[in-house]
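Each remark here refers to the structure printed beneath this line.
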Amino acid sequence: MRTIIEPFKIKSVEPIRLSSRHEREEKLRAAGFNVFLLRAEDVLIDLLTDSGTAAMSSEQWAAVMRGDESYAGSRSWYRFEEAVHAIFGFRHVLPTHQGRAAERILFATLCRPGHIVPNNTHFDTTRANVEFTGAVARDLVIPEGLVPSAHHPFKGNMDVARLEALIAEVGRERIPLCMLTVTNNSGGGQPVSMANVRAVSALCRQSGIPLYIDACRFAENAYFIKLREDGYAGRTPLEIARELFSYADGCTMSAKKDGMANIGGLLATNDEALASKERNLLILTEGFPTYGGMAGRDLDAIAVGLREALDEDYLLYRITSTTYLGEHISRAGVPIVQPPGGHAIYIDAAAFFPQIPALQLPGQALVAELYREAGIRAVEIGTVMFGRRESETGRETAAAMELVRLAIPRRVYTQSHIDYVVEAILEVWKRRSEVRGYRFVEQAPILRHFTARFEGIGG
Ligand code: F0G
């Protein structure tokens with residue numbers, strides 16, 4: 001059979017409330033054209049994030065009921081720890097309430113002012129947690145990773161030559177750890193190859209620098225390796241994931257992605273002395289080491305979810321359905337980050353609306369049009385999120401790229417939902433020359449995208 005189906009049937013449904021264009025126009029205005037300020041019930045298809053938005057399986061719900069809420073040494077903790085050991089292989093595991101809590105504990109333990117942390121591309125919370133310690137976060141993705149239209153099977157790879165040059169320039173003592181984000185979220189959900197992990201690991205080991213994996217989307221990355229890298233077609237995603245982690249000294253993970261859970265995270269390491277320091281911080285702000293920031297039922301849901309994320313039928317459907325969206329819009333001419341990523345499609349809004357200059361926020365304009373047209377909620381990753389406003393002069397600087405991310409929640413939407421999204425994007429594409437830009441009318445000094453309000457320029 002050529003048709004690839006969703007490898008699940010639906011047991012419990014959550015209604016989507018349909019709305020008229022007129023109603024959406026009113027909601028959008030009331031929200032100051034910022035889709036973060038909409039109520040979820042006013043959204044038809046929510047592609048804001050793939051984080052914490054997964055549909056749990058019947059096995060996970062059964063696991064929730066098995067959750068043991070003992071304060072110390074609960075059964076849930078041992079099931080969680082065993083699942084993490086079986087997949088990741090690291091000796092010490094610390095449970096956290098989500099990914100950024102693991103980041104905060106790791107960087108607070110290892111980083112000091114004057115340090116530099118290389119990564120293929122830091123996710124924004126990862127960067128913020130590195131910088132909070134006074135260290136500098138440095139992105140070293142390969143050059144193809146910065147060109148939306150460039151095709152490369154592993155566009156998330158780290159530029160090993162630049163890493164080598166960085167180590168030679170600043171010295172090993174100033175690099176407390178190196179990180180690889182799989183898949184590279186901020187770079188378009190692009191995978192890292194096993195050859196690249198091996199090369200980065202060899203260089204780090206030779207220099208005495210610990211290598212950590214930001215493992216949020218490790219299962220999707222493993223599947224890309226199976227599909228695209230020589231020698232891996234016959235291996236299971238679990239075997240590939242185990243090999244990948246064997247080259248590293250530890251990892252951080254938000255279980256809200258490939259943990260298939262609605263909350264949770266973890267920090268893992270092979271370094272006993274480090275683990276014991278980290279455990280002290282964990283107790284201070286997350287909780288006792290056998291539950292961290294989670295309820296027993298969360299630990300159980302993740303223990304099951306981590307294994308489900310590695311299921312080949314699921315991964316085939318997952319990667320195929322994201323690619324389906326990307327191909328259907330790019331075939332019609334819509335400019336996207338190529339090739340389609342694992343968890344999301346990124347539209348190049350600057351190329352979509354060439355008439356709208358970066359400082360008139362083309363990504364924001366596209367996000368507003370998708371909501372107006374069809375009630376779809378996407379997220380701007382461009383000047384609204386990463387541009388800067390000088391507080392004294394009010395002068396604005398644009399971001400490097402103007403992208404709009406359509407992130408696909410796991411196991412939530414069917415092909416007809418995705419067909420609806422394709423139709424909406426193509427409708428906006430047809431009338432793209434009529435769309436105008438936006439300006440800020442209110443913005444906070446930090447993380448302005450969450451709360452800013454806008455108005456349309458010229459109407
Ligand atoms: N690392 C990566 C690569 C991420 O994508 C995220 C979250 C985190 C770390 C932090 O994890 O949210 O559990 O604290 N990404 C979400 C997103 C928010 O929408 O891409 P967290």
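Order of listing sets the numbers, starting from 1, for every ligand and every atom in it. Quick note: residue numbers are just sequence positions, from 1.
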Would you say ligand 1 has an N or O under 3.5 Å from any N or O of [X]?
X: N185; result: yes
X: T125; result: no
X: T49; result: yes
X: Q98; result: yes

Say whether C216 and ligand 1 are in contact under the criterion: heavy-atom distance to a ligand atom below 4.0 Å.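 It does; at least one heavy atom falls under 4.0 Å.
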
[X] neighbourhood, listing ligand 1 atoms whose heavy-atom distance to it stays under 4.0 Å:
X: T181; result: 3 (C)
X: G99; result: 11 (O), 13 (O), 14 (O), 21 (P)
X: S254; result: 11 (O), 13 (O), 21 (P)
X: R217; result: 3 (C), 4 (C), 5 (O), 20 (O)

D50: which of R217, K257, R411 passes salt bridge (Lys or Arg N to Asp or Glu O under 4.0 Å):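 For D50, the salt bridge (Lys or Arg N to Asp or Glu O under 4.0 Å) test succeeds with only one of R217, K257, R411, which is R217.
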
Report yes if the distance between the aromatic ring centroids of W429 and F352 is under 6.0 Å, otherwise no.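 Yes: the rings meet the under 6.0 Å criterion.
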
Tell me whether the centres of the aromatic rings in F224 and F154 are closer together than 6.0 Å.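 Between F154 and F224, which both carry aromatic rings, the centre distance is not below 6.0 Å.
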
Identity and separation of the nearest protein heavy atom to [atom]:
atom: atom 8 (C) of ligand 1; answer: F123 CD2, 3.4 Å
atom: atom 1 (N) of ligand 1; answer: D214 OD2, 2.7 Å
atom: atom 9 (C) of ligand 1; answer: E103 OE2, 3.1 Å
atom: atom 12 (O) of ligand 1; answer: R100 NH2, 2.8 Å

Per the salt bridge (Lys or Arg N to Asp or Glu O under 4.0 Å) rule, what does the pair list look like for residues 154-164, sequence neighbours excluded?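 Sorted pair list comes back empty.
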
What orientation do [X] and [Y] show, parallel under 30°, tilted 30 to 60°, or perpendicular over 60°?
X: F440; Y: F454; result: tilted
X: F245; Y: F90; result: perpendicular
X: Y291; Y: Y71; result: perpendicular

From R104, K257, M179 - option closest to atom 16 (C) of ligand 1 by heavy atom: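 Nearest heavy atom to atom 16 (C) of ligand 1 lies in K257.
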
Shortest reach to atom 17 (C) of ligand 1 by a heavy atom, considering only K256, M253, R405: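 Considering heavy atoms of K256, M253, R405, the nearest to atom 17 (C) of ligand 1 sits in R405.
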
Sorted by first residue and then second, give each side-chain hydrogen bond (donor to acceptor under 3.5 Å, both in side chains) pair with at least one member in residues 364-373; sequence neighbours left out.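 Listed by first then second residue: R21-E373, E25-R372, E369-R372, E369-R431, R372-Y438, E373-R431.
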
Spatial distance of atom CD1 (I345) from atom CG (L403) [nearest 0.5 Å]: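 The distance works out to 12.0 Å.
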
Quick check for you: to the nearest 0.5 Å, what is the distance between R127 atom CZ and S186 atom OG?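 It is 9.0 Å, given to the nearest 0.5 Å.
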
